[in-house]
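The sequence lines fix the lettering, A, B, ..., with proteins before strands; numbering per chain opens at 1.
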Amino acid sequence: MTGSLARDFYRRPSLEVAPDLLNKLVTVEDARSGRIVEVEAYCGPDDPASHAFRGPTPRNATMFGPPGHLYVYFTYGMHFCANVVCGEEGEAGAVLLRGLTPVAGLDAMRAVRPTARRDRDLCAGPARLCVALGIDRALDGADLVDGDRGVRVADDGTPPPAVPAVSGRIGLRVATERPWRFFVPGATGLSRPG
DNA sequence: TCTGCGATAATA
DNA sequence: ATTATCGCAGAC
């Protein structure tokens with residue numbers, strides 16, 4: 001029943017993949033896992049908010065690689081955020097993971113995120129979920145399909161919402177009006193209510 | 001519960 | 001200079 005998503009799942013534009021990623025599971029080596037409840041699509045060269053907008057650089061190299069890999073970047077001098085690379089190789093599409101419902105390994109998550117007051121805050125935010133799951137620079141480029149570095153995205157049979165909630169993306173100064181944030185309404189682990 | 005602000009360093 | 005953020009302080 002539960003298994004890694006196939007490569008072809010990711011071989012589509014990020015705007016198609018993003019809503020389909022809702023309710024899938026992210027798992028890491030030590031069995032910590034969370035259910036994806038909030039994502040944002042980034043559309044490569046067509047998207048002024050995308051790290052890929054100005055073409056390939058050392059930082060965004062993973063985005064320009066094959067789909068189904070993890071793109072991890074460092075920002076604000078202290079945070080890591082994680083994306084799933086989408087589209088054909090070279091398209092540089094990406095889906096940012098913004099919120100998870102903690103599913104397993106809650107004790108380990110609490111240990112690395114002592115500032116989370118409630119369990120619902122453990123993975124509520126793109127940088128928070130990276131800390132909770134132990135995702136950092138070392139996992140940039142990890143293959144989510146074969147799990148070469150322990151990180152996978154799996155389907156346990158829970159379908160995405162028939163009609164996902166949609167909004168503008170968060171934290172941007174450009175292209176804020178594009179409705180490319182998708183989330184499970186009312187879910188535990190959203191980075192913000194709506 | 002909400003709002004504003006400082007931290008902190010890689011990137012272009 | 002800017003940044004795909006977070007946690008704290010202070011106001012209600």
- Message: Do A:Y71 and A:H51 pair up side chain to side chain, a donor and an acceptor below 3.5 Å, judged on atom types alone?
- Response: yes

- Do A:I135 and A:V37 sit in the same hydrophobic cluster, where Ile, Leu, Val, Met, Phe, Trp and Tyr count as joined when their side-chain heavy atoms come under 4.5 Å apart? yes

- A:L70 pairs by side-chain contact (heavy atoms from CB on, under 4.5 Å) with which of A:T62, A:V26, A:N83, A:L139? A:L139

- Message: Please check: side-chain N/O of A:R98 versus main-chain N/O of A:E40, any donor-acceptor pairing under 3.5 Å?
- Response: no

- Task: Could you tell me whether A:A127 contacts a base, only the sugar-phosphate backbone, or nothing, with contacts defined as non-hydrogen atoms closer than 4.0 Å?
- Result: sugar-phosphate

- Item | Test side-chain contact (heavy atoms from CB on, under 4.5 Å) applied to A:E88 - qualifying residues, sequence neighbours left out | A:R11, A:E91

- Item | Bracket string, DNA chain C, 5' to 3' - pairs by Watson-Crick or G-U geometry under 3.5 Å, | interstrand | |||.|||||||.

- Test side-chain contact (heavy atoms from CB on, under 4.5 Å), reference A:V17, set A:L15, A:D20, A:L21, output is A:L21

- Counting any heavy atom closer than 4.0 Å, what does A:R117 reach on the DNA or RNA strands: base, sugar-phosphate only, or nothing? nothing

Pairs under 3.5 Å (N/O, protein and nucleotides 5-11 of chain B):
| from | atom 1 | to | atom 2 | distance (Å) |
| --- | --- | --- | --- | --- |
| B:dT8 | O2 | A:Y76 | O | 2.4 |
| B:dA9 | N3 | A:G77 | N | 3.4 |

- Set of residues satisfying side-chain hydrogen bond (donor to acceptor under 3.5 Å, both in side chains) with respect to A:D47, sequence neighbours excluded: A:R169

- Message: My understanding is that only one of A:L5, A:V39, A:L144 makes a side-chain contact (heavy atoms from CB on, under 4.5 Å) with A:V84; could you say which?
- Response: A:L144

- Item | Within 6.0 Å of CZ in A:R110, more than 12 heavy atoms from elsewhere | yes

- If you walk 5' to 3' along DNA chain C, what is the first nucleotide with an atom under 4.0 Å of a heavy atom in chain A, and what is the last? C:dT3 to C:dG7

- Counting only non-hydrogen atoms, which of residues 173-190 of chain A are less than 4.0 Å from DNA chain C? A:R173

- Name the residue closer to the 5' end of DNA chain C, choosing between A:R128 and A:L172 according to the nucleotide with the nearest heavy atom. A:L172

- List the atom of A:V72, the atom of A:D140, and the distance in Å for their closest heavy-atom pair. N-OD1, 3.0 Å

- Less than 4.0 Å between a side-chain N and a carboxylate O, is that true for A:D121 and A:R113? no

- Query: About how many Å separate CZ of A:R192 and CD of A:E38, when rounded to the nearest 0.5 Å?
  - Reply: 8.5 Å

- Message: salt bridge (Lys or Arg N to Asp or Glu O under 4.0 Å), that's the test. Do A:R7 and A:D143 meet it? Break it down for me.
- Response: CA-CA 10 Å; A:R7 185 82 53 201; A:D143 190 335; 2.8 Å; yes

